[in-house]
2 protein chains.
Amino acid sequence: MDIRRLRYFVAVAEEGHITRAAERLGIQQPPLSQQIRALETELDVQLFRRKPRGVEMTDAGRTLLADARRILSDVDGALARARRTARGEQGRIVVGFTSSAPFHPFVPRVIRRFRELYPRVSLVLEEGGTGDLVAALGAERLDAAFIRSPAPASEGIAVHPLLEEPMVAALPSGHPLAPKSRKKPLPLADLATEPFVFYRRASGPGLHDAIVGACHAAGFTPRTEQEAPRIVSTLNLVAAGLGVTLVPESLSDMRLAGVVYRPLAVKPRLTAPIRIACRAVDHSAAARHFVALARREGPSVTP
Amino acid sequence: MDIRRLRYFVAVAEEGHITRAAERLGIQQPPLSQQIRALETELDVQLFRRKPRGVEMTDAGRTLLADARRILSDVDGALARARRTARGEQGRIVVGFTSSAPFHPFVPRVIRRFRELYPRVSLVLEEGGTGDLVAALGAERLDAAFIRSPAPASEGIAVHPLLEEPMVAALPSGHPLAPKSRKKPLPLADLATEPFVFYRRASGPGLHDAIVGACHAAGFTPRTEQEAPRIVSTLNLVAAGLGVTLVPESLSDMRLAGVVYRPLAVKPRLTAPIRIACRAVDHSAAARHFVALARREGPSVTP
DNA sequence: AAAATTCATATGGAACAGATATGGATATAA
DNA sequence: TTATATCCATATCTGTTCCATATGAATTTT
């Protein structure tokens, strides 16, 4: 059974003439007669009754015609779908992100833009710690991930910087340093004696190390009072008055009751990056599109 | 695009090896490699990544695999359906009948039996006058019809006798001839002076002519008092006391209030036939099966 | 009765599928 | 590390299939 024969059959069925169908198909009449006969022999079914003025479909022919039309359009659809998938215009990608990433407006913007550009690609989002995300990338359970940590030395994983945002201090609202002209940058050294609330290093080593490093540069080692599994949880602990912490500026969009944010005065400027991680040789065209889009949109939002 | 290539593709996708798939398909490895490559070239899509230990599907390949499986099973189904239709095991036939036919248990029995034997053939029933039925047969709107009239001289229509049943007299229950030992045959001449209710000749000339002929043989011409469009309606008129009539015995199964049936004493025996009409050269295998079944079952019910 | 239309058959050439032989790359084993 | 095995790709050849041209047969139309 050959798709070509089905197309020939449909043409003959629709024209009611072998000769006319041959014209439409761009071939001569004798080979078309042969093909129809071959199809009938293959099925052991008479599809047409030969008449002096053309051919007439049998019941079996009518049955096959309906099926053949459906099959042909299904084949065309399948080819189109395969091509679209290869071009990355169709399919499914899974994108991971660390808990703090979606607070920066850049991340939801990229996602929204991708959905507009590639409406046939279903985009699944998944939250996780940096380590989990990178592992999932390697295991092909994820196609890309927004992370804040620096490149984890994982084989075959590429990490591209997207943007940097300043860190700010998060203080309990009753804290002595809180009300003092909030706009004025707070010297990091002022927090030397404060208890710190940390995001668990295992979940996001990059942010953690950056904070500790900055404190060392300012001349002190931060005293860890509490650890929280998610960056949002650290803010809840700050709100409860258990300590202070430093968070990426975009987190301050979350106006949590009991938390006050202040910009930092620290040299060199303390920033938190947003990066995108993906497999170095990525096979999913849709995933490549996603990463490319993020890298293209990245610079335009750097403050 | 060739169905064979799709089958090859599915085999390779399922095995994950070109060599193993070639074994399964009963061909050698090189031509299979060529076919897969040809398919990729045709689609302009990479379907597999060649690895030293086999091949690995791409996203596009996975997309195509799902489609290909569906298409292949659809093709198989289409072939099976075409073959079944050719064998008359699938399809649709329309069977007509005159209003009086279904009263004889033979007709519903044939229909029931056909439905059992050919469950995939949908059987549509249509009632009509003999003339309409024969015309519909010629116009291919009908595939067979149960009629009572003799062969209408219509070109290309074959009529086969199925069975004969005796005629009985239908009298109003208050009629003087009604109560007289109902089992005893009634001489037709006794009805010579009675007003007759007739089934319209145009709708069923066979029955009409048979009755009038029998009356003539008995020495009188029946006086037509009323005509009714359907044979059942004549019985309603008899019940209303407007006259008497003769009906096929099977009609007496309908125990209509106000109507009494009596067997007839008449030489030669007055009978009503049931026949089946169909196209002489019928192209529908299912229709041929139906007619053959009716003719086969017919003799077994002749009383 | 002749012409026209349409499908079937015959024959030759081009394209294609499949077989065998062989090469190249990578993983596995010694 | 070297050797072997595995697996896919390439090259060449053969048989089949598909299509074109030429022609025949049957039926309808002029």
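Scope of the values below: all heavy atoms of this structure, side chains included, with no hydrogens, waters or symmetry mates. Below, chain A is the first sequence line, B the second, and so on; all start at residue 1. These numbers come from a predicted model, not from an experiment.
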Trainee: Please state whether the phosphate of dT5(C), meaning OP1 or OP2, lies under 4.0 angstrom from any side-chain nitrogen or oxygen of T19(A).
Mentor: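 No.
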Trainee: Would you call R112(B) and E297(B) a salt bridge, taking side-chain N to carboxylate O under 4.0 Å as the test?
Mentor: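 No, no charged N to carboxylate O under 4.0 Å.
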Trainee: Can you check the L32(B) CG to dT20(C) P distance for me, whole Å?
Mentor: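 It works out to 15 Å between those atoms.
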Trainee: Could you check how far CD1 of I3(B) sits from C1' of dA17(C), rounded to whole Å?
Mentor: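 Taking CD1 of I3(B) and C1' of dA17(C), I get 17 Å after rounding.
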Trainee: Nearest whole angstrom, please: distance from the P of dT9(C) to the CD of Q34(A).
Mentor: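 About 9 Å, once rounded to whole Å.
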Trainee: May I have the distance from Y8(A) (atom OH) to dC18(D) (atom C1'), rounded to whole angstrom?
Mentor: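 These atoms are roughly 8 Å apart.
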Trainee: In this structure, how many angstroms lie between the C1' atom of dA19(C) and the CD atom of Q35(B), rounded?
Mentor: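 So the CD-C1' distance, Q35(B) to dA19(C), works out to 13 Å.
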Trainee: Assign the ring pair F9(B) / F48(B) to parallel, tilted or perpendicular, where the plane angle (0 to 90°) is split at 30° and 60°.
Mentor: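 Tilted: the ring planes of F9(B) and F48(B) meet at 30° to 60°.
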Trainee: Kindly say if R50(B) contacts the phosphate of dC7(D), meaning a side-chain N or O under 4.0 Å from OP1 or OP2.
Mentor: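 No.
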Trainee: Could you go through the salt bridge (Lys or Arg N to Asp or Glu O under 4.0 Å) check for D143(A) and R92(A) one step at a time?
Mentor: CA-CA 9 Å; D143(A) 296 293; R92(A) 185 186 119 104; over 6 Å; no
Trainee: Classify every nucleotide of nucleotides 21-30 of chain D by which part a protein heavy atom approaches to under 4.0 Å, writing B for the base, S for the sugar-phosphate alone and - for neither, in 5'-to-3' order.
Mentor: BB----S---
Trainee: Please compare S33(B) and R5(A) by the position of their nearest nucleotide in DNA chain D and report the one closer to 5'.
Mentor: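 In this pair, the answer is S33(B).
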Trainee: Would you mind reading off the distance between L25(A) atom CG and dC18(D) atom C1', rounded to a whole angstrom?
Mentor: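 Spelled out: CG on L25(A) to C1' on dC18(D) is 14 Å.
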Trainee: Base, sugar-phosphate, or nothing for F48(B), non-hydrogen atoms under 4.0 angstrom?
Mentor: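 Touches nothing.
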